Each structure stands twice: as C-alpha cells, then as structure tokens.
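Please read the structure below before turning to the comments.
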Amino acid sequence: MKKFMLDLSVKENKILSDQYHLLILTSAEKLPEILPGQFAEVRVDGSATTFLRRPISIHYIDYDANELWLLIQVKGDGTKRLAQMTAGESLNLLLPLGNNFNEPVEKDASVLLVGGGCGVAPLLYLGAHLKRNGFKVNFLLGARTKDDLIELCEYERFGNVFTTTEDGTLGERGFVTQHSLLNGSNFDYFYTCGPTPMMKAVARHALKTKAICEVSLENTMACGIGACLCCVTDTTEGHVCVCTEGPVFNITKLKWQI
Amino acid sequence: MKKFMLDLSVKENKILSDQYHLLILTSAEKLPEILPGQFAEVRVDGSATTFLRRPISIHYIDYDANELWLLIQVKGDGTKRLAQMTAGESLNLLLPLGNNFNEPVEKDASVLLVGGGCGVAPLLYLGAHLKRNGFKVNFLLGARTKDDLIELCEYERFGNVFTTTEDGTLGERGFVTQHSLLNGSNFDYFYTCGPTPMMKAVARHALKTKAICEVSLENTMACGIGACLCCVTDTTEGHVCVCTEGPVFNITKLKWQI
Amino acid sequence: MANLNINIGKLQLKNPVMTASGTFGYGSEYSDFLDLSRIGGIIVKGTTIRARQGNPYPRMAETPSGMLNAVGLQNKGVDYFINHIYPTVKDIDTNIIVNVSGSTIDEYVETAEKLNSLENIPGIELNISCPNVKEGGMAFGTSCLSASQVVRAVRMAYKKDLIVKLSPNVTDISEIALAVEAEGADSVSLINTLLGMAIDVEKRRPVLSTITGGLSGPAVKPVALRMVWQVAQAVKIPVIGLGGIMNASDAIEFMLAGASAIQIGTANFIDPTVTIKVIDGINAYLDRHNFQSVTDIIGALEV
Amino acid sequence: MANLNINIGKLQLKNPVMTASGTFGYGSEYSDFLDLSRIGGIIVKGTTIRARQGNPYPRMAETPSGMLNAVGLQNKGVDYFINHIYPTVKDIDTNIIVNVSGSTIDEYVETAEKLNSLENIPGIELNISCPNVKEGGMAFGTSCLSASQVVRAVRMAYKKDLIVKLSPNVTDISEIALAVEAEGADSVSLINTLLGMAIDVEKRRPVLSTITGGLSGPAVKPVALRMVWQVAQAVKIPVIGLGGIMNASDAIEFMLAGASAIQIGTANFIDPTVTIKVIDGINAYLDRHNFQSVTDIIGALEV
Ligand SMILES: Cc1cc2nc3c(=O)[nH]c(=O)nc-3n(C[C@H](O)[C@H](O)[C@H](O)COP(=O)(O)OP(=O)(O)OC[C@H]3O[C@@H](n4cnc5c(N)ncnc54)[C@H](O)[C@@H]3O)c2cc1C
Ligand SMILES: Cc1cc2nc3c(=O)[nH]c(=O)nc-3n(C[C@H](O)[C@H](O)[C@H](O)COP(=O)(O)OP(=O)(O)OC[C@H]3O[C@@H](n4cnc5c(N)ncnc54)[C@H](O)[C@@H]3O)c2cc1C
Ligand SMILES: Cc1cc2nc3c(=O)[nH]c(=O)nc-3n(C[C@H](O)[C@H](O)[C@H](O)COP(=O)(O)O)c2cc1C
Ligand SMILES: Cc1cc2nc3c(=O)[nH]c(=O)nc-3n(C[C@H](O)[C@H](O)[C@H](O)COP(=O)(O)O)c2cc1C
Ligand code: FES
Ligand code: FES
C-alpha cells in the first residue's frame, strides 16, 4: 500500500477521561485507504523533549465524514502534547503503516476482540470492519477501573461489549481472561492488543481452545517504515520489524513463552 | 535588587506588525519594582529548538494596572513562539536583571532617546520614568520602513517623537543620526538602544557634541545573572558581564572604535 | 540554479546530499515519499559477509534531540544483497554505495571483493566505527594501527571508490583520518555514532539490551562539525560530513567546515522528505549568496 | 524521608547534589532564588594562579538541547579568591569546592597550595579537561601520562579532598580515571564538556571567537552516562557524575550507573532552582521505592 505524509487538521479533541483523549482528524482531501490494525507515525510539534515521531494506531476511520480517529493515552511528553491539540491545529502523519488484522476465513466464525488499556485503540476499527464484512463481533474490554473504560457506546455500534475492571467498578471484577464469557463460549478467532501480560494470557487461552489468535505489538519505533531495524521482535523467522511485518502477528509466529 | 522567578500570565498579545508583538503580562501578585533598562530572562516552552532562556527588555511597566509589557521582535524560533502566546497562557521569567539607565544629574538637561529596530524596547519605560521625574523627553525612532515604526502614540504620552525611515515612508528619510534634529538642537544626554552601527553613530555624535551617552547592549546570554560569563563585553576594566554590569553602559567605558 | 555537481574521490554526485547507512534502508522504504533519483547518493545498510541477527530488542532509546540505537548490523549478508537487493536497486539513477562491516579483516576483505564486481555499485563505505557489535566494528576505528590494517587490506581487494567511515569515540580523529588516507582511502566520512547509554530509572535497568548504544541526531551535531573541521584541515582527500543534519542550514555548516558532501541519517525518521528539502535549500542558499557552484562553499569558513 | 547523606573521599555531603564549576558562579548569583545551604556542594568557578581575561566575545552558541561555551577560564586569580570571595562564601553551610586550572603543572600546584590553608574549603576539583584554553587545560586530561603527572604533583601539595575532573574527549576514559586514581585522587568527576563547534552560515564564520568550544546540556547526557558507567566499573574511588542533568530522573540515572554524587551545570541557566527540585525528587524516588538511603541506589543498575 502506498504510504503518505499528510498534514491533517484537528476537527475535535474529545476528553474521554483524565488519561484518554480522542483526536478526530480530517482533511480537505479524501483520506487514503487504511486497513484495521495499521498505524500512523505522528510528528509531535511543540514539545521540547519529543524528538522522534510517535506510533499511534488507527482507532477508527469514517470515510463518509472523512474522519480519522486517534485514541491517545497520555504516557509521557509526546502523548501529553497530542492530548493538548485544539481544533484547527495541524498534525503531520505518515500513514498507513504496518500490516493488518486478517479476517476469519469462515464467514460464520465466532470472533472475540480483547483489548486492555490503550490497546483497545485498533479494535474499534477492526470491529467495524468485521461487522461490515458480515461477522458477528464480540468485544471484551478490560481496565483497572470504570473511568478507563471509555467509549463503550462506540463499540456497541459494531458488536456485543463485555467488560472487566480490576476493582469491579464496571463489568465483571478481574482480568479480561477471567471473564465468564471465556468459560461459556468457544471462539474461533481472538484479536488482541494491550499490555503484554494480557496478550499472553489471551494467547494461552486461544492455544488451549485451539483458536486462532492475532496480537498487535507496541514495540518502540524510530522510523516506522522498516528502515532502521529498531523495532524488531523475535519470531520463528528470526528478528523481524514490527513496523512492517507487524504490528499484527499470529501468535504461532512469535517466540513467546506462553 | 532582589531577583525573582515568576510565572506571569499573558493578558493580551497585540500584533503590532508582521514582526512585532506586544505581550502584556500580569499577575495575581503585585509586580516587583523594576528600573528602566533592566530586562528579564524568559523561558520559552513548547519550542523544540529553543533551549536557553531569552533575554527580553522591560518595555513598560504599569504598576496601577499591574502590567508588564514585553515588545517581541520575531527573529528565530524562540521569539516566534513568544509571539504566538495567547491570553491566559503562563510565561516564566527571571527578573529584574541587569543595571539601569541613569537619569541626568541636572533636572533641566535636554535628553534624547534614540531607538532603532527592537532597540526601542527599553526606551518606552525609560521615557515614562524620565517624564515622571520631571525631564523633558524627546524620542528619535528609526526603522527601515513605516510598518516597523510601531506604537508611536505610546511614546507620545511621554515626550516629543521624531522619526526616520530608510525608505522615507514616515518621518525623515535616512538613518536616525541623519535626522535634522541633531543639527538643530544640542542634547546633554543620549540614551540609545538598537543595532550596533546605529548605536555607534549616536555615540560618535554624542562624543562630538560632548554629551553623555548611555547605550544598551544585546550580547547573547546563557544565564542572565552573572554566573556563566558568556555575555562579556570589553571595557576599560577588562571583560565584564553585560547581564550584570550592563546591559546599559556609558560609552566612555566601552572599548568601541568610534 | 547553481551547479550542485560534486566529485568525491572516484564518485560523481549530482548533488552533495546522501543518506546515511542504517537510516535509509535500501532506499525503497522511502520511495513512496520522494524521488530517489534526486538524491546524490544512497549508502545502504551495513552489510557483512554472513547474515546477522543483530542485537535483541530493545534497540532504541530516545534522548534529548537524539536517539541511541543498538541495531548491531542486522542484515542478510552480502550474498543476499547481491542476489536479491542489488537487482532491485541497481537501476536507481543515483550512487548506491554499500556500507561494509566485519569482525575480522578477512571478513571486510571478502565482502569488499564480492561487491567489486557489481557494475552499478560505484563504491563502498568501510564501517570501522560501529559501536554496536562486540567484535571488530568500532575497535578498528579507534586506533591508527588497526584502522590502517583494515584499510590497507580492503584497498588491495577493492578497486572502486573506497570511503572510510570514522568513529568519533577517539581522542584525535585527525590522526585516524591521516592513517587511512595514507592507506589509499578515496575519502573519509564522519561521524558514526557516539557511544552513549540510557537507563530506565523505574525498572533500574538499561533501556537497550546491549547497555550502551550509538547516539545520533542533532544532539551530536556540534561534535560532528568540530571533527569534520579538524579532519578537513588535516587530510587532502575529500571529507563527507554527517551527524545531526536536520536541514539545509546544518548541511551548509558542514560544507563550510570543509565537507565536500554530507549524509543525512536520523532526520529521515522525522521527515522522510528531508533530503529533497536539503538539496533545494542548498541550492537556494547558493543562489541567494551568488555562488555559481556548490564547490564554492566547501571549506569557505572565514576564521 | 530517606537518608541523603553521602561521603565522597574526604567530603561529607548532606545530599549528593552539587553544582558544576563555571555554571553557578560563586553561589551568591543564585542566592535570591534558593537557599544555598540546601545544596550538597558548590563547585565554584575555574580558578587559576593569576587573573585571566578569558576569550573574546562571542563565547556562547545555543545548540540542539545544549550549548557551546568558550569562556576560557576568566577569573580574577586565586589570591583575589582568597582575599575577596572566600570571606563571603566561607560561612555558607555547604561544601565549597574550588575548581583549579592551570597552563603548567607548577601553576596547578601553586594554586592548590594556596587553597590548602583555607579552613572552610574542604576540597578542590582539578580541571584537567577544559577545552577552552590554548595551553594546558584539556591537554592534561587526554593522556594518561600528563594526567598522572599533574595529579601526582598536586597530590603532594594538597592534603584535603582532591577531585579530578576528567575530559570526555578521549578514546578510553577509564584508562585516564585509573591513572589518576593511582596517583591518589580522592574521587573523579566527569564529564567536562565535549569539544564542539557552530557556524553562522549567513556570515560564514564560526559563532565562537575561538572557533571551537565546549558542549554541555542534555544533548551530552547519553555520552556522560556511558562514561560514568565505564569509569565506575573501572575504579574504586567514588565517581561524581555530570553532563546534561536536568531533573531528578536524570540524576538517578547517573547514580544507578555508579555515581556517588552528581553535579548540575547548564540546567541552572534554565531553572535556577533546579538543584532543590533534584534533591526533593531524589528523596521522593527513594521513598517511593522504599530505599532507606541514597547509598542504596549507587551502582544499583541491573544488567
Ligand atoms: C504500533 C503502535 C501503535 C500504538 N498505538 C497507540 C495508540 O493508538 N494510542 C496511544 O496512546 N499509544 C499508542 N502506542 C503507544 C505510543 O506510541 C506510546 O505511548 C508513545 O510513543 C509514548 O510517547 P510519550 O512521548 O508520550 O512517552 P515517552 O516519554 O516516550 O514514554 C513514557 C513512558 O512510556 C514508555 N513507552 C513509550 N513508548 C512505549 C512503547 N511503544 N512500548 C512500551 N513502552 C513505551 C517509555 O519507556 C516511558 O516509560 C502505540 C505504539 C505502537 C508501537
Ligand atoms: C539585554 C537584552 C535585551 C533584549 N531585549 C529584547 C526585546 O525587548 N525584544 C526582543 O524582541 N528582543 C530583545 N533582545 C534580543 C532577543 O533576546 C533575541 O532576539 C532572541 O534571543 C532571539 O531568539 P530566537 O530564538 O528568536 O532567535 P535565534 O534562533 O536564537 O536567533 C535568530 C538569529 O538572531 C541572532 N541573535 C539571537 N540573539 C541575538 C543577540 N542577542 N544579539 C545578536 N543576534 C542575536 C542569531 O545569531 C540568529 O542569527 C534582547 C537581548 C538582550 C541581550
Ligand atoms: C538506526 C541506525 C542504524 C545505523 N546503522 C549503521 C550502519 O549499519 N553502518 C554505519 O556505518 N552507520 C550506521 N549508523 C550511523 C549513521 O549512518 C550515522 O553515522 C549516524 O547516525 C550519525 O548521523 P545522523 O545524526 O544524521 O543520524 C546507524 C544509525 C542509526 C540511527
Ligand atoms: C558556561 C560554562 C562554563 C564552564 N566553566 C567551567 C570551569 O571553569 N571549570 C570546569 O571544570 N568546568 C567548567 N564547565 C563545565 C561544567 O562544569 C560541566 O562539566 C559541563 O557543563 C557538563 O555539565 P552540564 O551538562 O550539566 O552543564 C563550564 C560549563 C559551562 C556551560
Ligand atoms: S521502526 Fe524503524 S524499522 Fe521499524
Ligand atoms: S549571561 Fe551568564 S554571565 Fe551574563
């Protein structure tokens, strides 16, 4: 897919919680085609301590409204600056980068999208995409506490939404992999993104139930386009770049201890 | 004088021309006493390429309104960022720094304040101060062209204003030292700030007419408080710091070739 | 429109702007963003006699105005380059230079020999300055003796243009430059990365899997510029300057200090089109100052 | 509230945070902004046997995340210090250390001898690494032989705490550290500035009157940290780490790498109260991680 360097303009910055912001970007031009699971490398202007671009998942893309959504979790100075963007400001992005989630081969496959923390970001667009292609979508979203479970109604547009919180303030108490859903039903496909321990737990469950599992990694990156070789993960084929051969990997390809 | 590190808030950013901005700062606390000729070291946040503070003259201080005025000429990234400040933003300053202009000993002395370019900055407050102390004040302000002669009405509050422009679009055509005023009248005191060639020309005229002449230097600075010794100028007493023993110097103390 | 052509050793460049090894892949990674044929030269990834897996992840740490990397020469080896990459890059209308590394002198020589026969590779850049591999690499570039030995051996085996890339992690870089000049290097390029380190204070562990790594980006520019100035005073062969160049003004600083050409590395990560902007910016500078040719500004610093 | 006390050689510090020579004047310049007695130590300006005018203006260039300086040891000489400055600083409740420079070994020795008798100066820092003077200065710090010679001579003349400040402009800084340890240095401090350069492309002239100058600030932090790590592995005497420290997290990186104390230089220019913030930040870190004493984190990096 052809990559672009685009200056998009901020249409809205929605404060979802003290940590999470939704940046809605738009453009005078038609946005390019992007697949679920892909990401952008965002240039952060106006932060003295942010030198490199920041990789950010495509949270959602609305071709009708010509909107690109980024979900930003404030971690350090770069994401802090992004969370301060105001309507009308311009943001420079390289996109679309990386590979994408693969949809199930069988049209009647049961799929579960498991997200934790900021890892929910690529799942909204994936859910929308799967629904559009006729799949029945289930989301399982986990967070530490209620306030970090954001935008649930957005997910509900595309499927059933199940939640867990570690403190029990919303949904079932515990970690995502402890949700009763996983005891009751059998899923054929798992798509997951979030903290590594969470993804490993999902992968373990998938292996056990002989399901297919794709994970999206968040290795630190410098270039985002396969030039620097900084972002590698170890796979059955040796070190490969997460930015070009990922961020989505089938767990059978990774050398994870699970 | 005791120095402070203060967070002042931007009350207004007046665009005076494409190059010049007037930042009006204020504070919940009463502003400290500042003398004409002193400056502040301003921390520039949100510019990736600006590391050190920027020395900026006290343009004017209004104790009644508790306002501090900075006149900003956009030169590079630091001043560009300052010129983008919006009302409500906070600015961190070290102040008051440096020495000050000395008022004439004789109450009936005739004084001329000669400014060019951004060098007009300290002269507004100096003029106000001199007027308040009973002196008859004359300003001679020079610029390349009409659009760079800004805020003339502010100066008029405190004295007579004469102008030159290099292209003749306002006032007399030519450089400040070519203004007819300098042929007609004799001044006892010259206070000048601006490009070095202009200040040297003023100094030359002052020497010739046996007047007293104080110039304000704009050496590049790192600390602004006499700690780093980066800002020195050569004087009859050797290298001295412009940030503490200046920025104002009597020309007889400098080793200028004039 | 000033004349931007410049010859460096046996190389003819259409302009003095090249991309630095390890930061521009094989060029193709950037082809969506710019017309590769506009660049003066592309120095491709560090290439070794056999395939290397490089260092474990994490390999990168962001630092103030810069970054540390510890890639460790991951590449598929020179044969893979010849059979699979060369065919895809050989027709790009620019100078494709291969950056060559090794753990022993023999490895350098063998790799260089294999590249000698590639018609559309007009030169190699000998990396005697990589801080990210345990054996060889930087060690060769930090003593005159070992630098001379490896250059002498490669010079005998390689007939086309030979650039030697110097390490900045030395007391006196001119000394090393003079040593490799004496052994027949056609030009020297500098600087490779400065050895640095970063620590994650919350985990109390080094950020990089290798503890230390190579610092690049604008943070190192003042050091790189000083070294280019020193080396340009010392040697007669052309000097290629790099280290932290982000824009045309930075590039011109290096040329005024004595560099005949420059390379751009880390800046590509922030702006994939930076090379084109630098070429255009150099041209605009030459026009504005009434220089007919880019050669007019090489070493034109007034001191 | 953890215990921040730390001993370095013969010095007793109430906390590991000191100010770096040449960046904090004699302390008094900063006294409007902070309580000087809260700082662990103040290293005052570079002092020489006779008064020096330093280098001509311009002496400073801003660089990405850093600055170049070419002050060149402007100071009024050791006698002026003893007669006019010492009386004003001797009662500040902190360690006042004098940074000593010279062009010859004799000058170093003479200066050190004169300072030996000052009751409230518990130590000196020997600057064998100043890049901004023509003779001596850095030259002493770039070879083991000359570094040994000057330290040996000063050690005989000076009985109190002797810190030796090392130059980063060398191939192997551990080697120099071992050499000065062998001659009886009580501790080493590193790094002094990296030699760098900046050019004004419009004027086509160097920005600094001296062409090259010393680079400091966060740009150099990764290099400084790596060198502190290397030296701390090599020597047995305490290491004082500095170079680009802007906040408590940076300071903790140096201590984890093996520094027993740290110095803050350039950061004072941006925030005159930075030392206090770093002291408080180290304390908060120790509390948060349940360390009783700052000594628990010295060299505590897990590799
Ligand atoms: C493919 C990909 C997609 C991503 N999608 C999103 C997204 O949609 N929304 C979002 O908010 N974030 C996303 N991230 C993570 C995001 O890139 C980082 O949080 C961001 O770069 C941090 O920058 P900062 O300047 O705020 O923090 P920094 O100051 O750079 O770092 C703050 C802390 O976070 C740690 N950190 C930084 N980056 C990473 C990383 N990649 N992995 C682990 N730890 C890290 C640092 O070590 C440090 O402790 C994604 C990352 C990748 C690689
Ligand atoms: C005591 C004093 C008072 C000042 N008062 C004012 C004021 O009231 N208003 C105002 O707008 N400016 C004033 N200045 C100048 C102002 O500090 C500089 O213009 C500013 O630091 C430039 O920062 P920058 O980041 O915009 O430009 P930079 O990117 O730092 O520099 C842009 C260009 O300007 C040159 N430059 C920068 N600083 C100086 C300097 N001090 N002298 C000569 N050339 C320089 C640089 O070499 C470069 O070519 C004063 C300076 C001093 C020392
Ligand atoms: C990710 C990365 C990988 C690099 N790999 C190599 C390499 O393989 N061979 C080499 O000679 N230099 C390598 N370098 C060094 C660069 O070519 C260059 O010398 C250095 O980055 C300084 O230039 P810059 O500041 O413009 O990036 C690498 C640099 C980076 C950042
Ligand atoms: C303006 C300036 C003057 C300096 N003068 C001296 C000096 O006289 N003696 C000395 O040993 N180091 C001197 N240094 C070096 C600092 O003490 C310190 O080693 C260096 O700046 C790195 O620390 P930093 O990055 O925290 O500034 C000076 C540094 C600066 C910026
Ligand atoms: S981030 Fe550069 S190769 Fe992946
Ligand atoms: S700017 Fe530091 S002494 Fe004047």
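Residue numbers start from 1 in every chain, and the chains themselves are labelled A, B, ... in the order their sequence lines are given, proteins ahead of strands. A quick note: this is a predicted structure, and the numbers were derived from the prediction, not measured.
- The residue among A/I225, A/L94, A/T244, A/T50 with the most heavy atom pairs within less than 4.5 Å of chain C is A/I225.
- Neither the backbone nor the side chain of C/S28 comes within contact range of chain A; no heavy atom of the residue lies under 4.5 Å from a heavy atom of that chain.
- The number of heavy-atom neighbours closer than 6.0 Å to NZ of A/K146, taken from other residues, nucleotides and ligands shown, is 12 or below.
- Atom CD1 of residue C/I270 and atom CD of residue A/E41 lie 10.0 Å apart, to the nearest 0.5 angstrom.
- The CG atom of A/L229 sits 5.0 Å away from atom CD of C/Q74, with the distance rounded to the nearest 0.5 Å.
- Atom NZ of C/K76 sits in a sparse spot, with 12 or fewer heavy atoms from other residues, nucleotides or ligands closer than 6.0 Å.
- No other option in C/G66, C/G22, C/G217, C/A61 has as many heavy-atom pairs under 4.5 Å with chain A as C/G66.
- More than 12 heavy atoms of other residues, nucleotides or ligands sit less than 6.0 Å from atom CZ of A/F4.
- With a threshold of 4.5 angstrom between heavy atoms, C/F33 approaches chain A through side-chain atoms but not through N, CA, C or O.
- Within a 6.0 Å radius of CD in A/E29, other residues, nucleotides and ligands contribute 12 heavy atoms or fewer.
- Residue A/K253 places its NZ atom among more than 12 non-hydrogen atoms of other residues, nucleotides or ligands, all under 6.0 Å distant.
- Ranked by heavy-atom pairs shorter than 4.5 Å toward chain C, the options A/A48, A/A222, A/G226 are led by A/A222.
- A/T220 is listed as a side-chain neighbour of C/Y57, based on a closest heavy-atom distance under 4.5 Å.
- Only the backbone of A/T49 comes within contact range of chain C, with at least one heavy atom under 4.5 Å from a heavy atom of that chain.
- Atom-to-atom distance recorded for A/K3:NZ and C/E29:CD is 8.0 Å, nearest 0.5 angstrom.
- Of the inter-residue distances, the one linking A/N92 atom CG with C/D271 atom CG reads 7.5 Å to the nearest 0.5 angstrom.
- One finds the SG atom of A/C228 at 7.0 Å from the CE atom of C/M60 (value rounded to the nearest 0.5 Å).
- Heavy-atom pairs under 4.5 Å with chain A peak, among C/P272, C/P64, C/P58, at C/P272.
- The 12-atom threshold is not exceeded at NZ of C/K203, counting heavy atoms of other residues, nucleotides or ligands nearer than 6.0 Å.
- Interatomic distance, C/D32 CG to A/M1 CE, rounded to the nearest 0.5 Å: 10.5 Å.
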